[in-house]
Amino acid sequence: MNERLLKAVEDRVDDLVALTAGLIRFPTVNPPGEAYGPCAEFLGARLGKLGFETEFIRAEGTPGDSDRYPRVNVVARFDGRSPGPCVHFNSHIDVVEAGDGWTVDPFAGVVKDGKVYGRGACDMKGGLAASVIAAEAFMEVHPDFPGAIEISGTADEESGGFGGVAHLARLGYFSKPKVDHVIIPEPLNKDRICLGHRGVWWAEIETKGEIAHGSMPFLGDNAVRHMGAVLRAFEDELFPALDRKMTRMPVVPEGARRSTMNINSIHGGQTEDFRPGLPSPNVPDWCRLTIDRRFLLEEDIATVKGEVTGILERLKRERKKFDYEIRDLMEVLPLMTERDAPVVKAVAKGIMEVFDREPDYVISPGTYDQKHIARIGHLYDCIAYGPGILDLAHRPDEWVGIGDMVESAKVMAIGLNVLLRGTTG
Ligand SMILES: [Zn+2]
């Protein structure tokens, strides 16, 4: 009998809309990390009223943290009447800058035509509000539930999560036995379960040269030409090879079901700042290239790196005066929670009850905070599930559908029921 649970969610629609709009009104823009404190306090106060114990944790010393822009996180916990597992809903409270092209005020929380508009409506204040309403409805219908519910609002996901989930995970907030199951209400669409993401390797390659007068390049050694040889080898060998690597991971969009690599930037030689408005007159003695390689569950990171260093080493043997350095900037291993994991099965049951169909299982092309929960917290029963259409994230006139939020709150409430009470009814 889920009727009471579903009705308890429906009874809270106005509250859900007001909470979403209220969260949007804090311009938690990152960078620089504006208004985290007031937004966390607003959420904490709301949960405190429901009986949650709230903690505010500032991630001092993490990137961007300062007295002007403190990285404030809130973690709220409600213990049930008897011991049992803990379900944690984690949402990031930061948003990207509004940018141009809006037809409504991005931080007013405008409600019209069944949608709530604003920066962060979809990514992911609507999902955060839906998880609060789901917990509220569940707690009202099953006040004697065993176990615990936690809800967190965390900083800095848009800039890597170091002052948010990574920091909390280091402090033990995302590990057993404190937490057993994690749902991240990112906007992956209300009938899809996101099981994880591809791996990431960012690196900087530098080729070396020898400075000389531009009129006599033969006296120097051109680092940009050396990088040109690197790029040619990438074009001829690496890109075609990556394109042939397909994964069993259900990544969306489908184009991301292969290995990819982006050249993020290339810089070489002296910049124009050296002589404002004029190009350098010299043979460049350095050139730097940044790569963003996204890899698959079927690939290991040593092989991924070896494909690039293999090319560089060969050039070193074959090309006169070629020398290079390579520096790792970031690495994240690919992640995929299995379909029979408890949190996946519980949310799948919710989706089947609410939509009368099996969920779609997807993998995100890019990473999000799940990486820290796995790598630092060693907690693997984790998914992303939430309302909102992924394509609307970070765009002008971002919105979240009220109906979508209500339906996903129902799914989350049923998920709680399955994980904490072991029943869908
Ligand atoms: Zn997000």
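Atoms within a ligand are numbered from 1 in the order they appear, just like the ligands themselves. What you see is a predicted model, and the numbers here were worked out from it, not measured in a lab.
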Round to 10° and report the angle made at the Zn ion (ligand 1) by NE2 of His92 and OE1 of Glu186.
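About 120° at the Zn ion (ligand 1).
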
Under 2.8 Å: N/O/S of Asp123 next to the Zn ion (ligand 1):
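Here the distance criterion (N, O or S atom, under 2.8 Å) is met by Asp123, so yes.
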
Is Glu157 close enough to the Zn ion (ligand 1) to have an N, O or S atom under 2.8 Å?
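Within the cut-off used here (under 2.8 Å), Glu157 places no N, O or S atom near the Zn ion (ligand 1).
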
Measure up the Phe234 and Phe239 rings against each other and bin them: parallel (under 30°), tilted (30 to 60°), perpendicular (over 60°).
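Answer is perpendicular, since the angle exceeds 60°.
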
On the 0 to 90° scale, with breaks at 30° and 60°, tag the Phe42-Phe26 ring pair as parallel, tilted or perpendicular.
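If you compare the ring of Phe42 with that of Phe26, the planes turn out tilted.
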
Could you tell me whether Arg46 and Asp15 make a salt bridge, using a distance below 4.0 angstrom between a side-chain N and a carboxylate O?
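Yes, Arg46 and Asp15 are salt-bridged.
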
Over 12 non-hydrogen atoms of neighbours within 6.0 angstrom of CZ in Arg232:
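No, not enclosed.
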
